[in-house]
Participant: 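First, the structure itself, so that you have it in front of you.
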Amino acid sequence: MDDMQSVIGSEPGDVTGRVLWHVTMSLDGFIAGPNDAMDWAFGYGGPSPVGQEVMQSTGAILAGRRTHEVGLRGGLKAYGGAWTGPMFVLTHKPPAAWDDPTVTFLTDDIATAVATAHAAAEGRNVVIFGANTAKQCINAGLIDEVVVHLMPVLLGQGTRLYDSPETAPIHLDRTGVAGAGQLTDLRYRVMK
Ligand SMILES: NC(=O)c1ccc[n+]([C@@H]2O[C@H](COP(=O)([O-])OP(=O)(O)OC[C@H]3O[C@@H](n4cnc5c(N)ncnc54)[C@H](OP(=O)(O)O)[C@@H]3O)[C@@H](O)[C@H]2O)c1
């Protein structure tokens, strides 16, 4: 994999205000292990150049409440704390008080939430975190690109990347394949 040529469709620094689903996934299609375990994702090096590029082009993050909570519980920060910017957290029950000014809780429908994040990103990309949240976005046609870091591990159970038996297949156009150490980076444009 190390010599696999990157065919990423956009150049580093190419900032066009897209909506990206950026996710790390086990080979068997899980983005979290049982009980939201994420330890499996950190044993293989990284971040890869693709991950760095995505991070650097991100102007805002839209996450589900569960992703936010798991991060708080495990001391996990977006991009390991290397990224700073506005984060929006979708929830039906926002906390009464919150002292981190970079985090805003939203109770909106998914399209309004993405639009809010888009406006805050000021022309840079919006990254979506969380399986349920990303599913709503992609089912509503709100995601432009899917970027997956494929890990060489089989989890057997956990949170699936995309669990949506009610929807028709969503077709993707592969725009990039790259390898960095044990990671395989896959990049897709969502066909609309
Ligand atoms: N591998 C990776 O790259 C990666 C990245 C991100 C997250 N994760 C993992 O994925 C798991 C979380 O994903 P998930 O699918 O379980 O949950 P999620 O998408 O993070 O959060 C779902 C929650 O978001 C809120 N929500 C979503 N849409 C909403 C809307 N339109 N209006 C109001 N609230 C809304 C609801 O919270 P309320 O119940 O509060 O209403 C819902 O229960 C965690 O284990 C996390 O660690 C992995």
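Just follow the structure's listing: the first ligand is 1, and inside any ligand the first atom is 1.
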Participant: Side chains of Y79 and H22: do they bring a donor and an acceptor to under 3.5 Å?
Facilitator: yes

Participant: Within the structure provided, determine whether V153 and Y44 are in side-chain contact (heavy-atom separation under 4.5 Å).
Facilitator: yes

Participant: Return yes if a side-chain donor-acceptor contact under 3.5 Å exists between Y162 and N139, otherwise no.
Facilitator: yes

Participant: D185 and S48: side-chain donor and acceptor closer than 3.5 Å?
Facilitator: yes

Participant: Any side-chain heavy-atom pair from L183 and M151 closer than 4.5 angstrom?
Facilitator: yes

Participant: Non-hydrogen atoms closer than 4.0 Å to ligand 1: which protein residues do they belong to? List them by chain and number, please.
Facilitator: V23, T24, I31, A32, D36, M38, G64, R65, R66, T67, V70, L90, T91, H92, D108, F129, G130, A131, N132, T133, Q136

Participant: Suppose we call two aromatic rings close when their centres sit under 6.0 Å apart. Are F105 and H68 close by that rule?
Facilitator: yes

